[in-house]
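Report on the following structure.
A, B, ... follow the sequence lines: proteins, then strands. Residue 1 opens every chain.
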Number of protein chains: 2
Amino acid sequence: MIGDKLSIAMRTTDELTEAFRASGRKVTAQRQCIFRVLQGNVNHPSAEAVYDAARTEVETISLKTVYQTLYELAEMGEIAALDLGTGMARFDPNVEETHHHLVCRSCGKVRDLTVTFDGLSVPPDEVQGYEVNGAEVVFRGLCEDCRLPRPDPQHPSAAMEPAGTTRS
Amino acid sequence: MIGDKLSIAMRTTDELTEAFRASGRKVTAQRQCIFRVLQGNVNHPSAEAVYDAARTEVETISLKTVYQTLYELAEMGEIAALDLGTGMARFDPNVEETHHHLVCRSCGKVRDLTVTFDGLSVPPDEVQGYEVNGAEVVFRGLCEDCRLPRPDPQHPSAAMEPAGTTRS
DNA sequence: GAGCTTATCACCAATCATTGTTGTTTGACA
DNA sequence: TGTCAAACAACAATGATTGGTGATAAGCTC
Ligand SMILES: [Mn+2]
Ligand SMILES: [Mn+2]
Ligand SMILES: [Zn+2]
Ligand SMILES: [Zn+2]
């Protein structure tokens, strides 16, 4: 039950393992650890955030390995690498469900918006020879934590809460 | 070269000069040069691109000064600093006309889309405590130059192209 | 216009996310 | 088990951007 809905649109670690082997890649403990960190993760973690989570399991894993594996997963189409203007790439294991994002200007938290916007295309007279592949909508604002009237908050730290703990 | 329509929605260098003075800032030859580079500039230049253009007039201007001035203009609301995922901030002197962007995945060229999309808002049940301020739509694709299989020798356009025409 | 104050300047070093290098280790397959 | 390229950890380097710092010059008084 935990993570059932969250992982609806993403491969399991076993499937990723198999996909890696099938494409001639080697499956290491480090990579499997990264798969587990990503599975059902709805926080759009940065490479550093994945690194921190992975290190609690595999203490010696290097940040380079994390970057390598994340971008390999992105090349394979198993995750998406997003640039949402927060200063670091964010990684999204949900690639099966086209969706958009709501980004907190203050702490960088990212929320999924599973909405389809109609009429989201480039007007023909504006195309001017471009071959358009896709559109991303990014909503910006302040999250509940960063919005509070009390300017008390320390650095809200886009931390990685364990997937599935927050019920919605 | 600089047309009426291009500068329709941006301040003149004289207006920027006045705005700087009025806010207690000093107006230097370097800053005025940057104002001129920006005026009517529809290329969404990076700081480096502004730097290169400015240096043809003021050879000794420093890149730091360019960054400083650009972000001061952005703070004053006279230009916009955009992160469009091209690896560098892009600066847009058009701040009066809300519009969206079409970005070339290959060369990073940015084209304005002066379209208003209806229904571009966060569904109430998805807001979840966020205070939403705005939405940006970024279309991605390939521009005419980057799309052609055969290289067209007739478009130097030395503005924002990736340097280093790799031959041999 | 001369002097004063302080913003701005050019130059240089540092930061931060990310990528390159290298020599060693390890997974996959025979 | 041996072979060997792939992957690893450690570390150096990159590229965009930002932080000092002493010198310069804008915008004031007088
Ligand atoms: Mn997402
Ligand atoms: Mn624009
Ligand atoms: Zn926030
Ligand atoms: Zn292009």
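Between B:Gln30 and C:dA10 there is a side-chain polar atom (N or O) within less than 4.0 angstrom of OP1 or OP2. Within the structure, a side-chain polar atom (N or O) of A:Tyr67 is placed less than 4.0 Å from OP1 or OP2 of C:dT18. Taking only side-chain nitrogens and oxygens, B:Arg31 comes nearer than 4.0 Å to OP1 or OP2 of C:dC9. The phosphate of D:dA6 (OP1 or OP2) has no side-chain N or O of A:Arg25 nearer than 4.0 angstrom. Contact between the side-chain N/O atoms of A:Thr60 and the OP1/OP2 oxygens of D:dC8 is not found at any separation under 4.0 Å. For C:dC29, the OP1/OP2 oxygens have no side-chain nitrogen or oxygen of A:Arg21 closer than 4.0 Å.
Closest-nucleotide positions on DNA chain C for B:Thr28 and A:Leu63 were compared, and the one nearer the 5' end corresponds to B:Thr28. Place A:Phe20 and B:Val27 on DNA chain D by their nearest nucleotides, and A:Phe20 ends up nearer the 5' end.
Rounded to a whole Å, the NZ atom of B:Lys64 is 7 Å from the P atom of D:dG19. Note: CD (A:Glu48) to P (C:dT19) measures 13 Å, nearest angstrom. The interatomic distance linking B:Tyr71 (OH) with C:dT8 (P) rounds to 18 Å, in whole Å. One interatomic measurement links the two molecules: CD of B:Gln68 to C1' of C:dC9, which rounds to 8 Å at whole-angstrom precision.
Counting heavy atoms from C-beta outward, B:Thr12 and B:Gln39 have side chains that approach closer than 4.5 Å.
In this structure, B:Arg31 forms no cation-pi arrangement with B:Phe35, as its terminal cationic atom is not both closer than 6.0 Å to the ring centre and no more than 45° off the ring axis.
With hydrogens and angles ignored, a donor-acceptor pair closer than 3.5 Å exists between the side chain of B:Lys26 and the base of C:dT6.
Side-chain heavy-atom separations under 4.5 angstrom define the hydrophobic clusters, and the remaining members of the one that includes B:Val138 are B:Leu82, B:Leu84, B:Val103, B:Val110.
Screening A:Val137, A:Leu113, A:Asp112 for a side chain to side chain contact (heavy atoms under 4.5 Å, CB included) involving A:His101 leaves a single residue, A:Asp112.
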